[in-house]
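Working notes, structure below.
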Amino acid sequence: MSRYNAAEIEANWQKAWDKAEVFKAERIEGKPKYYVLEMFPYPSGKLHMGHVRNYTMGDVIARYKISTGHNVLHPMGFDAFGMPAENAAMAIGGHPKTWTYNNIDQMVEQMKPLGLSLDWSRMFATCDPEYYGQQQALFLDFLQEGLVYRKNAIVNWDPVDMTVLANEQVEGGRGWRSGALVERKELTQWFFKISDMADELLGALDGLDNWPAKVKLMQANWIGKSRGLQFAFERVDGGEAISVYTTRPDTLNGASFVGISPDHPIAKAMEGDAEVDAFLAKARAGGTTEEAIETAEKLGFDTGVKVKHPLTGEELPVWIANFILMEYGTGAIFACPAHDQRDLDFCRKYDLPVIDTFFALDDGAPVTTEAFVPMKSEKVRWVEHFAGLDVATGEEAINVTIDKAEAEGWGEGVTKFRLRDWGLSRQRYWGCPIPVVHCDDCGVVPEKKENLPIVLPDDVSFDQPGNPLDRHPTWRDVPCPSCGKPAKRETDTMDTFVDSSWYFARFTAPNAATPTNMADAEYWMNVDQYIGGVEHAILHLLYARFFARAMHVCGHLPESAKEPFDALFTQGMVTHAIYQSVARTKQGDPRGEGIGYTKYHYPDEVKELHDLDGEKYAVLLADLEAIGLDAEDSASVNRQRMVDGANWENAKLTKLEVIPSAKMSKSKNNVVDPVTIIEAFGADTARWFVLSDSPPERDVEWTASGAEAAHKHLSRVYRIAAELDAGEAGSPEADEQLLRETHKAIHDVTLGVESFGFNAAIAKLYGFTNTLAKSKAGGAAKRDAAKTLAQLMSPMTPHLAESIWEMLGGEGLCTLAPWPVADEALLVEDSVTMPVQVNGKRRAEITVPKDMDKAEVEKLALAEHAVQRALDGNAPKKVIVVPGRIVNVVA
RNA sequence: GCCCAAGUGGUGGAAUGGUAGACGCGUCGGAUUCAAAAUCCGAUUCCUUAACGGGAGUGUGGGUUCAAGUCCCACCUUGGGCACCA
């Protein structure tokens, strides 16, 4: 009898699938298609367990759909532009292109052994000129349709390196390399008009029934539709009125000042005054992220400008405040400190008045240090409302205020969105060049389509900060496509989010001479199942939804593909324990001598153990070796631990602390390399494990013991199949029982696969394997059950399934065999066991025929000894019988 | 700071509002073996009891319900996102 040899069978079956081209996707009109897509990876060069989990999930779906008769498209590519390649070029030399393509080769090599059902012939990288050339064509089409435009926007500026920084390159308000304080600087940049589609993108979320509710909620909040009042404050000095937008116009009576953004025209007009400039410099310091702005210290500057309150005519001061964004609303607000914590903090700091406009119904205490911010749906008592309200909800008050303002003509109800236009310009080399030329005479001129792709030059260097394209005259200086005079290419490249916003469409026709091919797009779109991390819940998915719409406008996608992802699944991370000990620095250590620091140990350097309470700890393999112990001999190791006693200080073994479930990170030495795992156990074990231990949407902790257990189980399944004796006799009752269990397994596993309950499906498969192993059924019946088991395991462990299928005489490839269908008649049981509760506490259990009358069930339940005892002689007040489920007696 | 999730035995986790802890790991006991590996069988939430039983229990505190891990409110902790990381 042969033993389970994963390395051997996996290589063989992968060859067999390749030879039969089972995963090559061709359009077959009339055959139902299924497009499954996992978010493509960034080519870091190292495959990560998180990738394995992501692709395995997609693979389970893809393989399941193949066996249910679908024509499956399951492609893979690389999101290959971006900063890491430039960083590598700066750090270790070389060219981003070489670095990236080498990494892609390595990752493909690491992915292939996983046995994924991918159509590799469709593979591309976004840095292929064939891909980004088509992206440039899309850009030109968008430009023509008015979906792209230029305006000024703020970037992080490093004044020492004289370069633009990404948000992640700003650490604590300073540039990551120079350490200089980062400034906000305005540049003219390209934007996609995503805000034009804000309402559409929001409304269409309703139709996405197979998207996680949390993702839709996050997108809805991000788009942020709000109805408010827009009106102007007249300036006392007669200058241009200040337009403000507010979602709480009902609190206008509580206004204590008008706040404007540091980038507001009024603030800009005051530049040149030393005091103002000093303040603006302070207000503009720090990063551009919303987080940085919201958490920065609130700073204000009194402009001296006064405005008139539109209702009371009272004078209000105008302050510049660093937390007001120019991009949202009008860049100016009125502050109502009594009902907004941020405004309150600001007013207390600068000694501005706080005016209560309403109180809670049961509390009339004025606001002191905590703003009173009830929900808009809550009723409050107004101090003196200009529209005469006494008790009303915020919502009602807002509407009344807007109506009044419109009737009196001093303001207007306006719907606004939080969503800003998508800035796509990046002052970097390794990205898709923006295909326009700047001409002194003609202005911004689009490249001619026949000149595409505008290819990145190879002869660049990264020895100085800034964009190499800027200092590359032969690439940059070109004749104007319109008038032919000397002109300059746009040297900004595109945000890498652009690259990932349409790759799913390109996969339907990766070699087309246009961005897409309509016939292919019509056949393959939409993506039936999209799988990736929650970290992409907002930006990537929103941009892709925008792109699909924009591509439709330009005729690159059919109307039906405007919402490109029919179903979305967001999977969790793969985590791993950290093994740490406290070490002391040695003589001559630059940190100083004898200082304690945390030392992280690699998983393959340690042996994980459990003490008598089951608590996890670990010891170093090197320590075990030193005292001559075998790491596999847990009993001896434990004995040594007992000898060492409770006092670890004097022990021969170093006790390592085990920190569970930490994100895998190089600096913590807790990364598990899939390649090592595949070499040790095989791809099927890795696939089985990443699916088995946690629900797919949650994080899964990679543990060595879990991986070993997975491998042990797969070996067991192989052995059970290999040892089957088809001629063995059995009882008809056992045959029947096994058949019933088989169909229950088919039902449960199918349900698990279809509903992304992979861990539950695997639990059923464990149970079914145990049933099969213990069954007294005859050989023939067992063989049929084992064949079904192989089929049910096939999406998760395809290589093992093929081997068992072949061993048991299955016809053709297991991968192509039709998925088994559960016979409903075999699923029903004729009797059912019901718990009996008294006052919600379980006291007994009764087994009754499935369709027994409620009254009969009640009688049987009350007759139970334990129920009588619990009732203690009292008559039940009420008896609830839920047929087939439970009996609850209320005493 | 704002938005969104998640918290269940020693451990990963299971549970259409209906028996909390399926299945796996670990631990303990047993079988097999000269011995081991491998394999197989059994026990395993906590407290209490000789036992039968009894009590408590799903991050914390309230609430709705015949019945709450599940629904509602408040809080705590952890994770994700915050527009130039991908």
Side-chain angles (χ1 to χ4, degrees), chain A residues 39 41-42 44 79 81-84 155-156 164-170 212-215 217-218 220-222 224 287-296 323 327 341-342 419-428 495-497 499-500 533-540 542-543 570 572-573 608-616 632-634 660-661 663 689 692-695 697-701 703 705-706 708-710 712-713 715-716 719 759-760 762-767 770 773 833-837 839-845 866 877-880 882 885-890:
Chain A
M39 290 180 187
Y42 180 80
S44 64
D79 189 12
F81 274 135
M83 296 202 306
V155 293
N156 299 306
V164 177
L165 297 178
N167 284 333
E168 70 155 10
Q169 296 174 321
V170 178
K214 62 173 174 181
V215 173
L217 190 56
M218 280 190 266
N221 288 340
W222 186 261
T288 57
T289 65
E290 199 175 302
E291 187 192 3
I293 292 164
E294 291 279 331
T295 53
F323 56 83
E327 285 94 348
Q341 191 61 42
R342 193 172 56 184
L419 181 66
R420 311 201 291 258
D421 277 333
W422 169 13
L424 69 119
S425 296
R426 296 292 180 271
Q427 295 70 40
R428 267 178 266 283
D495 176 10
T496 55
F497 271 124
D499 311 336
S500 55
V534 242
E535 65 271 22
H536 298 293
I538 297 175
L539 293 180
H540 162 61
L542 194 62
Y543 291 159
T570 54
M573 295 185 300
E608 208 176 88
L609 297 166
H610 298 257
D611 65 19
L612 296 177
D613 303 327
E615 206 78 29
K616 268 187 198 169
E632 294 310 314
D633 183 1
S634 301
S661 302
K663 188 173 181 168
F689 178 75
S692 67
D693 244 31
S694 284
E697 67 276 15
R698 266 203 254 168
D699 292 350
V700 65
E701 166 130 319
T703 61
S705 57
E708 277 160 29
K712 231 154 83 174
H713 177 72
S715 306
R716 181 172 182 234
R719 189 166 6 91
N759 58 324
I762 284 183
K764 297 291 176 198
L765 286 167
Y766 269 108
N770 286 335
T833 301
M834 293 166 73
V836 182
Q837 298 181 331
N839 288 335
K841 272 191 196 310
R842 196 187 77 96
R843 295 295 175 185
E845 212 173 68
K877 287 203 186 96
K878 194 171 167 189
V879 180
I880 289 138
V882 184
R885 303 231 46 118
I886 203 167
V887 181
N888 193 10
V889 180
V890 186

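Keep in mind that the numbers below use all heavy atoms, side chains included, and drop hydrogens, waters and symmetry copies. Keep in mind it's a predicted model, so treat the numbers as computed, not measured. Chain A is the first sequence line, chain B the second, and so forth, proteins listed ahead of strands; every chain is numbered from 1.
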Any N/O pairs under 3.5 Å between the protein and nucleotides 38-44 of chain B? List them or say none.
residue: B:C40; atom: OP1; partner: A:R716; partner atom: NE; Å: 2.8

Side chain of A:F497 (C-beta onward), nearest among B:G13, B:U19, B:A86: B:A86

Residues which pass salt bridge (charged side-chain N to carboxylate O under 4.0 Å, His left out) with A:E294, listed by chain and number, not counting sequence neighbours: A:R342

Intra- and inter-strand pairs of RNA chain B in dot-bracket (Watson-Crick or G-U wobble, both distances under 3.5 Å; | for another strand): (((((((..(((.....[....)))((((((.......))))))((((....))))..(((((..]....))))))))))))....

Distance, P atom - from B:G29 to B:A37, rounded to whole angstrom: 14 Å

Touch class at under 4.0 angstrom, heavy-atom based, for A:Q169 against every strand present: nothing

P gap between B:C3 and B:G57, integer Å: 33 Å

pair A:Y42-A:T496: side-chain heavy atoms closer than 4.5 Å: no

Contacts of A:A760 that satisfy side chain to side chain contact (heavy atoms under 4.5 Å, CB included) - sequence neighbours left out: none

Pairwise P distance, B:G1 and B:C75 [rounded to whole Å]: 13 Å

Any residue meeting side-chain hydrogen bond (donor to acceptor under 3.5 Å, both in side chains) with A:H536, in chain and number order, not counting sequence neighbours: none

Under 3.5 Å donor-acceptor pair, A:E168 side-chain atoms to B:C84 base atoms: no

Side-chain N or O of A:S694 closer than 4.0 Å to phosphate OP1/OP2 of B:G13: yes

Sugar-phosphate only, base, or nothing, as touched by A:Q341 at under 4.0 Å among non-hydrogen atoms: nothing

Rounded distance in Å between the C1' positions of B:U32 and B:A36: 12 Å

Touch class at under 4.0 angstrom, heavy-atom based, for A:G767 against every strand present: nothing

A:R843 vs A:V889 side-chain heavy atoms within contact, under 4.5 Å: no

OP1 or OP2 of B:C82 under 4.0 Å from side-chain N/O of A:N167: no

Sugar-phosphate, base or nothing in reach of A:S425, heavy atoms under 4.0 Å: base

Mutual orientation of the aromatic rings belonging to A:W422 and A:Y543 [parallel < 30°, tilted 30-60°, perpendicular > 60°]: parallel

For A:N770, all residues meeting side chain to side chain contact (heavy atoms under 4.5 Å, CB included), sequence neighbours excluded: A:R716

Touch class at under 4.0 angstrom, heavy-atom based, for A:P41 against every strand present: nothing

Value in whole Å for how far the P atom of B:G81 lies from CD1 of A:I293: 19 Å

Touch class at under 4.0 angstrom, heavy-atom based, for A:G423 against every strand present: sugar-phosphate

Any A:T496 side-chain N or O less than 4.0 Å from OP1/OP2 of B:A86: yes

P-based separation of B:G53 from B:C40 [nearest Å]: 32 Å

Sugar-phosphate, base or nothing in reach of A:V164, heavy atoms under 4.0 Å: base

Pairwise C1' distance for B:C85 and B:G80, with rounding to whole Å: 14 Å

Sugar-phosphate only, base, or nothing, as touched by A:I762 at under 4.0 Å among non-hydrogen atoms: nothing

Among B:U19, B:A86, B:G13, the one nearest A:T833 by side-chain distance: B:U19

Each nucleotide N or O in nucleotides 1-8 of chain B that has a protein N or O under 3.5 Å away: list the pair and distance.
residue: B:G1; atom: O2'; partner: A:E294; partner atom: OE1; Å: 3.4
residue: B:G1; atom: O6; partner: A:E291; partner atom: OE2; Å: 3.4
residue: B:C3; atom: O3'; partner: A:N221; partner atom: ND2; Å: 2.8
residue: B:C3; atom: O2'; partner: A:N221; partner atom: ND2; Å: 3.0
residue: B:G7; atom: OP1; partner: A:R698; partner atom: NH2; Å: 3.4

By side chain to side chain contact (heavy atoms under 4.5 Å, CB included) - contacts of A:N167 (at least two apart): A:N156, A:T288, A:T289

Same-atom distance (C1') from B:G69 to B:A22, integer angstrom: 15 Å

Touch class at under 4.0 angstrom, heavy-atom based, for A:H713 against every strand present: nothing

Between B:G17 and B:A68 - C1' atom distance, rounded Å: 7 Å

Between B:A86 (C1') and A:D495 (CG): distance, integer Å: 10 Å

side-chain hydrogen bond (donor to acceptor under 3.5 Å, both in side chains) partners of A:W222, counting only residues at least two apart: none

Contacts of type salt bridge (charged side-chain N to carboxylate O under 4.0 Å, His left out), residue A:R428, not counting sequence neighbours: none

Under-3.5 Å N/O pairs linking protein and nucleotides 62-72 of chain B:
residue: B:C66; atom: O2'; partner: A:N888; partner atom: ND2; Å: 3.2
residue: B:C66; atom: O2; partner: A:N888; partner atom: ND2; Å: 2.8

Sugar-phosphate, base or nothing in reach of A:A709, heavy atoms under 4.0 Å: sugar-phosphate

Atom-pair distance (NE2 on A:H540; C1' on B:G81), nearest Å: 15 Å

Heavy-atom protein contacts under 4.0 Å, nucleotides 51-59 of chain B, coded B base, S sugar-phosphate only, - none: --SSSS---

Whole-Å gap separating P (B:G26) and CG (A:D693): 11 Å

